[in-house]
2 protein chains.
Amino acid sequence: MPPVAAATEKKVTELLKRQSLSVTASRKRILQLFLDQPGALSHGAIEKKVGSVFDRVTIYRTLQTFVDRGLIHTIPSADNAIRYALCKDECGDGHHRHEHIHFVCQQCHHTYCLDEVVTPVIRLPKGYSPQQVEILVQGKCKQCTVSARR
Amino acid sequence: MPPVAAATEKKVTELLKRQSLSVTASRKRILQLFLDQPGALSHGAIEKKVGSVFDRVTIYRTLQTFVDRGLIHTIPSADNAIRYALCKDECGDGHHRHEHIHFVCQQCHHTYCLDEVVTPVIRLPKGYSPQQVEILVQGKCKQCTVSARR
DNA sequence: ACTAAAATAGCAACATAGTTGCAAAAATCA
DNA sequence: TGATTTTTGCAACTATGTTGCTATTTTAGT
Ligand SMILES: [Mn+2]
Ligand SMILES: [Mn+2]
Ligand SMILES: [Zn+2]
Ligand SMILES: [Zn+2]
């Protein structure tokens, strides 16, 4: 067993226990996928990455559990596939508080949380009571801009 | 034939001809649905409203055609069902230009274009090239706020 | 108004996304 | 370790969306 993998395994196990979640193979694997890369993942992307190790339903339920516990959050999209990304510390069991925007690259199709960019206050006409604001920016991401320039 | 219906029929026919679109029963009916109410419509909502008069595929293709021609635009969502709403004059064949935000009521589940609310400029970190900004506000709409107060 | 060409609609089949009930398996706890 | 609780896998189902092909409708020219 390589020491790096062992370290990550310990980390995800700790994370799960901290949320009082049973530590199972699927939860460890899926949580690790999120930790291993900076972007957001859709159910389909996860299915591709883990192969047929886990049932589709298990993946759906795992994602829902993570959302419920404030481990990950959902990101709306224009292509009918919900993306999920890791939450920061402010989120917890039963509550999410996000003030960042999301960026979707039209070239590589990755979705990123831009934690540095705070959602501005949107002033609505009389009568509308806002609860949550989602900002979705589409364009070309850092990586794709750089590789186009070379 | 009631004069009101005849007048609307003439209107949608004119609209379609103005876009050099063949005037068909499905296109007239679906365009009329959008003109008859202020909100956005999903494929499913349209299917319910028109019953089984048109094939599902026809509805999908009609919506796509309208989007292509700049008659309607899509609205991203968190529930995996694309909504469509009428465009204003600025959009046309092959191009959309929208600067308004969208409001989704968590009570009545209607989606509205808030044309009065202009999307603010979002400043991104270096390297990201924005192309389009979508703002989705969730909360309670005008109607639902009023009826709750009574 | 009639006809040929072009566009559109309907059908079937498929693909992807997501849900639910239930029994088997695994994780937790004592 | 063994009982209890939780999670998983399977099957079946719904919703959403696409594609290829043929029949029908629309359009445009006469
Ligand atoms: Mn995010
Ligand atoms: Mn709109
Ligand atoms: Zn990119
Ligand atoms: Zn409402």
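A note on names: the letters A, B, ... follow the listed sequences, proteins ahead of strands, and every chain is numbered from 1. As the structure is a computational prediction, the values presented were derived from the model and not from experiment.
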Could you check how far CG of Leu16(B) sits from P of dA9(C), rounded to whole Å?
10 Å
For Thr65(A), which contact category applies under a 4.0 Å heavy-atom criterion: base, sugar-phosphate, or nothing?
nothing
Would you say Thr24(B) places a side-chain N or O within less than 4.0 Å of OP1 or OP2 belonging to dT26(D)?
no
Quick one: Leu21(B) CG to dA6(C) C1', roughly how many Å, whole number?
14 Å
Side chain of Arg27(A) - closest among dT16(D), dT19(C), dT8(D):
dT8(D)
Residue Val57(A), side-chain heavy atoms: nucleotide from dT8(D), dT20(C), dT28(C) that is nearest
dT20(C)
dG10(C) C1' sits how many Å from Tyr60(B) OH, rounded?
16 Å
Indicate yes or no: at least one non-hydrogen side-chain atom of Ile75(A) is less than 4.5 angstrom from one of Val104(A).
no
To the nearest angstrom, how far is Ile59(A) atom CD1 from dT7(D) atom P?
17 Å
What is the separation between atom NZ on Lys48(A) and atom P on dA15(C), rounded to the nearest whole Å?
14 Å
Measure the distance from CG on Asp68(A) to P on dT7(D) and round it to the nearest whole Å.
11 Å
Mark yes or no for a side-chain to base donor-acceptor pair under 3.5 Å between Arg56(A) and dG9(D), with no hydrogen or angle criteria applied.
no
From the set dT26(D), dG18(C), dG9(D), return the single nucleotide nearest to any side-chain atom of Ser22(B).
dT26(D)
When rounded to whole Å, the CG to C1' distance for the pair Asp55(A) and dA24(C) reads 13 Å
Ignoring hydrogens and angles, are the base of dG10(C) and the side chain of Arg61(B) linked by a donor-acceptor pair under 3.5 Å?
yes
Hey, is the side chain of Asn80(A) poking within less than 4.0 Å of OP1 or OP2 on dG17(D), counting only N and O atoms?
yes
Decide yes or no for Ser26(B) and Val53(B): does some side-chain heavy atom of the first lie under 4.5 Å from some side-chain heavy atom of the second?
no
Evaluate the side-chain proximity of Phe66(A) to Ile30(A): yes if any heavy-atom separation is below 4.5 Å, no if none is.
yes
With nearest nucleotides of DNA chain C determined for Val23(A) and Phe54(B) from heavy-atom distances, which residue corresponds to the more 5′ nucleotide?
Phe54(B)
Provide, to the nearest angstrom, the distance between the CG atom belonging to Asp79(A) and the C1' atom belonging to dT16(C).
11 Å
Within the distance-only criterion (no hydrogens, no angle test), does the side chain of Asn80(A) pair as donor or acceptor with the backbone N or O of Asn80(B) below 3.5 angstrom?
yes
So what does Ser42(B) hit on the nucleic acid, given a heavy-atom distance under 4.0 Å: a base, only sugar-phosphate, or nothing?
nothing
Residues Thr74(A), Tyr84(A); criterion side-chain contact (heavy atoms from CB on, under 4.5 Å); working and verdict:
CA-CA 5 Å; Thr74(A) 60; Tyr84(A) 302 84; 3.6 Å; yes
